[in-house]
Undergrad: 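There's a structure below that I have some questions on.
When a ligand or atom number is given, it counts from 1 through the structure's own listing order. Both backbone and side-chain heavy atoms feed into the values below; hydrogens, waters and symmetry mates do not.
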Amino acid sequence: MTSASADPGTPYLSRLNPPQRAAVEKLDGPLLVLAGAGTGKTRVLTTRLGHILGTRRAFPSQILAVTFTNKAAREMKERVTAMIGPLAEGIWLGTFHSLAARILRRHAELLGLKPNFTILDTDDQIRLIKQLLEAERIDDKKWPARVVLHTIERWKDRGLTPDRVPADAGGEVAAGRAVAIYAQYQERLRVLNACDFGDLLLHNVTLFTTRPDVLDEYHRRFRYILVDEYQDTNVAQYLWLRLLAQGHRNLCCVGDDDQSVYGWRGAEVGNILRFEKDFPDATIVRLEQNYRSTGHILACASALIAHNRSRLGKTLWTAAEPGERVHLRGLWDGEEEARWIGEEIETLQRDGQRLGEIALLVRAGFQTREFEERFIALGLPYRVVGGPRFYERAEIRDALAYARILAQPADDLAFERIANVPRRGIGDKAIQTLHRASRAAQLPLTAAAEQLVETDEIKGPARSGLKRLLEDFRRWRDLLATKHHAEVMETVLDESGYTAMWQADRSADAPGRLENLKELITALEAFETLAAFLEHVSLVMENAEASPGDMVSLMTLHSAKGLEFDVVFLPGWEEGLFPHPRALDEKGEEALEEERRLAHVGLTRARRRAYVSFAANRRIHNMWQSSIPSRFVSELPEEHVDRRSEPGLWGGRGAFNEYDQTYEWRAPSAATLRRGPRLIEAKAEVVAPRPSPSAPYARGERVFHEKFGYGTVVAVEAGKLDVEFGTGRKKVMDGFVKRA
Ligand code: ATP
Ligand code: MG
């Protein structure tokens, strides 16, 4: 036994291995724990916090601890409280943003702000930049506000105030006037008593560099500084840390270069190398024992990440048993993948697996929809971590509001929701007028509006905006008679300016929202009418309500950083989806390595079981795509995976040949990978029917459909069936029915 177990004051030390313990006990001077996933970095940080307090080396208020999310901060506080009691309350514990905001509020005046300054959201930021571009007569078609804002935000990430942006930076942006716009933007923010997220850190850095007396106060205050997920800090955050740490120099950072996944948001994995330069006397601790995952899982994760060239390199080992191999599964299409995962979860649940220890991690937010619908159909409780469920997302609700008014003009709630989204001059006052008119005439809002716009009750932009909207609605409704409703919805989102609104938004989540909107169109495709789809959504959402307690977690790989689960499902490992094509287009090899780190983060979340899956066909953004397995699939070593395939479908790693309807056993060639997946034009029609074992259906056959019940096939075309159900004739996907 270690000596610590003999010390009744520090029983927690006995729960650490020797290098972990060294990292906890080395309290003086700079310390970097550079170690792979699951080696106990967060445990070290938490124990160190408890140890500092437990040994009374500092008061809680003298400790600054930085976590990557607010949730992680809460968890750390709970753990420390469990170790040492309520002392933990006073620690300065939070994310970079929350801590920097706290400091900034105390000294706002020194930066020309008042302590009650507002923190702007992206909407406001874009609007401000737009005004400035207009004033400068810069064409915002050529230089959209979001591009200019993006440039400014990256400068802020790099700690550059307008006067410090290098002369050659920004070059073309905003017709070469980007730095000037940046300076004006900062000035406007000051006048508005506001700042944006980037400013929180930037102002702190300015404060500390221009007011040594203030910095000195914090030097005296913070005896110990601790940072988790250090690999994802950007330059501004690094400068902030370095300034604060100059006092007592007790800075402890823990991180893993192989888990740096926020390069696209300005994170600098090079900060790890800088640490050793800026603190030459730093102690570097490496941890190599992984406590999280069983052998096969760890071996797969290690082999995968070994394909990255730019990494510091490290070996991990585990004393755990080899456990199950990583389950690798190829399926016919996305729907079958969702069905298979649903069944697999039900089996695990029957065997006593808690749902709360199961996670499904996707590359992009829109991917959750298919699984959510499946889970709801099965009655499997789930939660979407780090975001709302698919149909509760703001952009989806907006789009659904448009759809609802098309289907049901009297839907006042829907109308109110989107009357001025995107902005079209219909302000609060106009809405009030509209309400009055509607009450007086006892008509729904839209009908009242039709009357109102012919009167003088309403004027100016509100009147013209409303008039146009009503005309649009009439036109879109007419379109429904001749076009498929999915197509009409696409037109609605385009012509209303709704899609454009998100395209113009530069916030990090805007591209995800656009993907969600496209996924919504995909969802619409499967329904016969718009009304049927809307009904489905309301039923789905109603069923989703009551599910407290034990739940499966759905989230993106990015939000899974630092977490762990017994069972992890990693669906959608296909070229064109993961690695994510947008990332690759923009930054090539560097981005590919970041995608691979993301895959590595995914695999290393699993304790006992990991499932990787890919589908041969996927409907992405309303296009059927025949896909090839992600290159990451072929990087998983044969001896650590358990390949299974649908009979007659996948022999494992391979590619579907759409000309002879067969799958070939081979790794995708380099050329195929470069070319990327092949898009099959148009929609379901061109996709071949599911091959055996389910032979094509014939006319007259009896089938069963989960939603519509029993019916008889009356017509067959590729992939689709016309079926006479008790409730009437429906067009259904053949994959949705079973032989009765
Ligand atoms: P990540 O890189 O994914 O953030 P990490 O390095 O922060 O991982 P932790 O989350 O701290 O790793 O630890 C991983 C798991 O291993 C946790 O369940 C933790 O409780 C456990 N663990 C860590 N160290 C030990 C130890 N010495 N003995 C037993 N279990 C440990
Ligand atoms: Mg961790």
Undergrad: Please say which of R311, K314, R597, R286 ends up in a salt bridge (charged side-chain N to carboxylate O under 4.0 Å, His left out) with D257.
TA: K314

Undergrad: Among R609, H296, R608, which one satisfies side chain to side chain donor-acceptor pair (under 3.5 Å) with E324?
TA: R609

Undergrad: What side chain to side chain donor-acceptor pair (under 3.5 Å) pairs are there with at least one residue in residues 75-97, not counting sequence neighbours?
TA: T95-S98

Undergrad: Pick out which of W240, F197, Y262 makes a ring pair (Phe, Tyr, Trp, His ring centres under 6.0 Å) with F96.
TA: W240

Undergrad: Who are the side-chain hydrogen bond (donor to acceptor under 3.5 Å, both in side chains) partners of R158, not counting sequence neighbours?
TA: none

Undergrad: Are D256 and K561 ion-paired here, with the side-chain N under 4.0 Å from a carboxylate O?
TA: no

Undergrad: Do K41 and D228 sit within salt-bridge range, that is, some charged N less than 4.0 Å from a carboxylate O?
TA: no

Undergrad: Identify whether the distance between the nearest side-chain nitrogen and carboxylate oxygen of E595 and R363 falls below 4.0 Å.
TA: yes

Undergrad: List, for ligand 1, each N/O atom that has a protein N/O partner under 3.5 Å away, with both atom names and the distance.
TA:
from, atom 1, to, atom 2, distance (Å)
ligand 1, 2 (O), K41, NZ, 2.6
ligand 1, 2 (O), Q259, NE2, 2.7
ligand 1, 3 (O), R292, NH1, 2.8
ligand 1, 3 (O), R292, NH2, 3.1
ligand 1, 3 (O), R605, NH1, 2.7
ligand 1, 3 (O), R605, NH2, 2.9
ligand 1, 6 (O), T39, N, 3.2
ligand 1, 6 (O), G40, N, 3.1
ligand 1, 6 (O), K41, N, 2.8
ligand 1, 6 (O), K41, NZ, 2.8
ligand 1, 7 (O), T42, N, 2.9
ligand 1, 7 (O), T42, OG1, 2.8
ligand 1, 8 (O), G38, N, 2.9
ligand 1, 8 (O), R292, NH2, 3.1
ligand 1, 10 (O), R292, NH2, 3.1
ligand 1, 11 (O), T42, N, 3.2
ligand 1, 11 (O), R43, N, 2.9
ligand 1, 12 (O), G40, N, 3.0
ligand 1, 18 (O), E564, OE1, 3.4
ligand 1, 18 (O), E564, OE2, 2.4
ligand 1, 20 (O), R43, NE, 3.4
ligand 1, 20 (O), R43, NH2, 3.1
ligand 1, 24 (N), Q20, NE2, 3.0
ligand 1, 27 (N), R15, O, 3.2
ligand 1, 27 (N), Q20, OE1, 2.8
ligand 1, 27 (N), Y291, OH, 3.4

Undergrad: Sort by chain and number the protein N/O/S atoms that are closer than 2.8 Å to the Mg ion (ligand 2), and list them.
TA: T42 OG1

Undergrad: Does a salt bridge link R631 with E635, judged by any charged N lying under 4.0 Å from a carboxylate O?
TA: no

